[in-house]
Number of protein chains: 2
Amino acid sequence: MKDVAKELNVSVVTVSKVLRGHSDIGPETRERVLRRVQELGYRPNLAARGLVTGRSHMVGVVVPELKHAFFGEIAAAVGSRIRRGGYRMLIASSEEGRDLEIESIEALLAHQVDGLIIASTLTEADRGVFRRIEKHNVPYVLVDRDIPGLKANFVGVDDEAIGTIATEHLIQRGNRRVAHIRGPETSTSIGRLRGYMNTMARHGLTVPGGYVAKVEHSDVEAVAGGFQAMQRLLAMDLRPDAVFCHNDLVAIGALRAILSLGMRVPADVALIGVANSRYVDLLTVPLSSIDQNATQIGDRAAKLLLRRIEMGSKPRPARILVPVKLIVRDSSAIPITEEQLHEVGELREATA
Amino acid sequence: MKDVAKELNVSVVTVSKVLRGHSDIGPETRERVLRRVQELGYRPNLAARGLVTGRSHMVGVVVPELKHAFFGEIAAAVGSRIRRGGYRMLIASSEEGRDLEIESIEALLAHQVDGLIIASTLTEADRGVFRRIEKHNVPYVLVDRDIPGLKANFVGVDDEAIGTIATEHLIQRGNRRVAHIRGPETSTSIGRLRGYMNTMARHGLTVPGGYVAKVEHSDVEAVAGGFQAMQRLLAMDLRPDAVFCHNDLVAIGALRAILSLGMRVPADVALIGVANSRYVDLLTVPLSSIDQNATQIGDRAAKLLLRRIEMGSKPRPARILVPVKLIVRDSSAIPITEEQLHEVGELREATA
DNA sequence: TTGAAAGCGTTACCAA
DNA sequence: TTGGTAACGCTTTCAA
């Protein structure tokens, strides 16, 4: 910048102003500066600018697992949205670990991010971290996993609604012995469980002991976890005829367990997962699932954060729930009713 | 920092030194400073530090699609590796677009990243961008896709080897009419094609006109592309009995096309893809694939970049090819030979 | 062992 | 419309 200024016999202030599109600059001066800057391919040092403006134009993003498609999609949506506002993403993975998540947040703050988007694995006990963030006056938005007892901006899905929709769907298709394979102790898993329980109760259906199986990991080991949980369910006297699974991986494990015992899906046991992951429509038995709309979560979270950053003031936390979508495939296809069978029979007779 | 210094009646310099573990500091002073810093939860402003030291401790990462599992995995590996060196990831998605990629690189440079890792969609014609990077004295490493004619650090797989291994495998299992569905004009796609061609030639097998079909997109639309390409191949007089597909998505499209015509995989047509994506082992027909080892690509690239950053000097570009792995599943399972059938027959007779 | 002064590249403020 | 000066929060250098 100094160089440009010297060459053109203007001050650095003038150059700075031109670069920021400041109004009171002579049109001729502006031209000269612009041209030279263009030629040199000069770009202002954003770190230096940030030091004086207090704006780094970086947003910190913390996810539990970047290689997880769901979080990758959220990050992609966040990146796309904030880029249009002139921001970039400083991203960190907590690898599902408490300490690493805290350390990541601290590091991003040290890098002077203007805001944070966090898919947290923390609990209410860790609220200290969020106090720290607030002390830095950095707005933040929680995505996917909410932290009970923390008043913070949140964008995610209504997990209870997921539980309700999935369970309702299974009941609608005629199942009565509906079991649930739940995930670990996160708001996500607890919400889905609640939706399941409430829906069962509303329909006057009992949930026999053992009908809520649990897998300890919702990630890599979830397939194995789902497999084992399903085996336990199938070993019960009162075998379930449908299972709402915490996510698609669990459902895939469950599917394998069922098929490996020579039973059929959905004839013997119907199955539904959550996430609507890529490829689940291509499984041996195409899997019904509930789409969580990761792109919309990321987009809304970014929009909200940008608004908070640009506001300065601190209004009461927003809570945004994006709609989910039930995707019915073979694993929970609506069975053909007797009436329909009759109709087919009549049709056959008629055409014969 | 000023506050800490004033409170303790020492200078900011002293505090700064303590924080960086500088040697010549009185043990008692160090204690006092450390304690107070701890209490306040103070962390130095990395942007300000960077302004002085010329090191931002940020690495820029540019990928074509963050939501793509392959790049997510690379990014995860990069993040994990550089974190241990005290670096963070400033990440940008080019969304497979030339202009956006260039703009992203420029922006990351403006943010003063210490190094760049780029999965590029650019061609030799865009070498100007890389000159720019070099002018900034920022080391960079290309991953996955190399740019012909550009002498740069590169970490990726040997795409020609992929083509060779896949084709060789199909030939080994007895196929002679081996076709290829190739991808768009990238180094990746071209390398795989070359491997295919050379291997066919080495075995004295001809590649009839039309045996190399092409899909224009390797991403979202690849399934549809693979489907159509496969339909064309199946409509030929001399129908292929095996197809090496550019990637798993293409292979899935091809699989659908085959099954939808009532043909079987691998009995009528054997299939192999590339990427070994999650879930491909769970398809109607479990898909053979070649694993590209994204984690290792990311890890090696990050290691290389860190070394270059810490070196200062600029040695000649490194070129690292990580090993790939053939994963044989049902879609190209080794067929049972007549001899083996006889053996089974004899066995039966013996046991009878 | 400690600290005063200078400076990193930029913008804010105010005067010319 | 233009620019001088101070300041952002830190590190480097060098003198005490």
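Labels below follow one simple rule: chain letters A, B, ... track the order of the sequence lines, proteins then strands, and each chain is numbered from 1.
Here B:Asp24 lies in heavy-atom contact (under 4.0 Å) with a base.
Remark: B:Arg319 pairs with B:Asp146 by the side chain to side chain donor-acceptor pair (under 3.5 Å) rule, at least two apart or across chains. Residues passing the side chain to side chain donor-acceptor pair (under 3.5 Å) test with B:Arg127 are B:Glu124, sequence neighbours excluded. Residues meeting the ring-ring contact (aromatic ring centres under 6.0 Å, His included) test with A:His111, sequence neighbours left out: none. Legend: residues meeting ring-ring contact (aromatic ring centres under 6.0 Å, His included) with B:His136, ordered by chain and number and at least two apart, are absent. Contacts of B:Glu101 classified as side chain to side chain donor-acceptor pair (under 3.5 Å), with partners at least two apart in sequence or in another chain: B:Ser120, B:Thr121. In this structure, the side chain to side chain donor-acceptor pair (under 3.5 Å) partners of B:Ser80, at least two apart in sequence or on a different chain, are B:Arg84. Residues satisfying the ring-ring contact (aromatic ring centres under 6.0 Å, His included) test with A:Phe130, not counting sequence neighbours, are A:Tyr140.
The 5' end of DNA chain C is approached more closely, in terms of each residue's nearest nucleotide, by B:Val10 than by the other of A:Arg43 and B:Val10.
On the nucleic acid side, DNA chain C has its first and last nucleotide under 4.0 Å of a heavy atom of chain B at C:dT1 to C:dG9, going 5' to 3'.
Look at CG on B:Leu51: it is 9 Å from C1' on D:dG9, rounded to the nearest Å.
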Under 3.5 Å, which N/O atoms of the protein pair with N/O atoms of nucleotides 11-13 of chain D?
from, atom 1, to, atom 2, distance (Å)
D:dT11, OP1, B:Arg49, NE, 2.6
D:dT11, OP1, B:Arg49, NH2, 2.9
D:dT11, OP2, B:Ser16, OG, 2.3
D:dT12, OP2, B:Arg20, NH1, 2.6

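Screening residues 60-69 of chain B for salt bridge (charged side-chain N to carboxylate O under 4.0 Å, His left out), with sequence neighbours left out, gives no hits. For residues 4-32 of chain B, the set of pairs meeting the salt bridge (charged side-chain N to carboxylate O under 4.0 Å, His left out) definition, not counting sequence neighbours, comprises B:Glu7-B:Arg36.
Using a 4.0 Å cut-off between charged side-chain N and carboxylate O, B:Glu310 and B:Lys303 make no salt bridge.
Rounded to 10°, the helix from C:dT1-D:dA16 to C:dA16-D:dT1 has 40° between the axis fitted to its first five pairs and the one fitted to its last five.
For A:Thr14 and D:dG3, the shortest distance from a side-chain N or O to OP1 or OP2 is below 4.0 Å.
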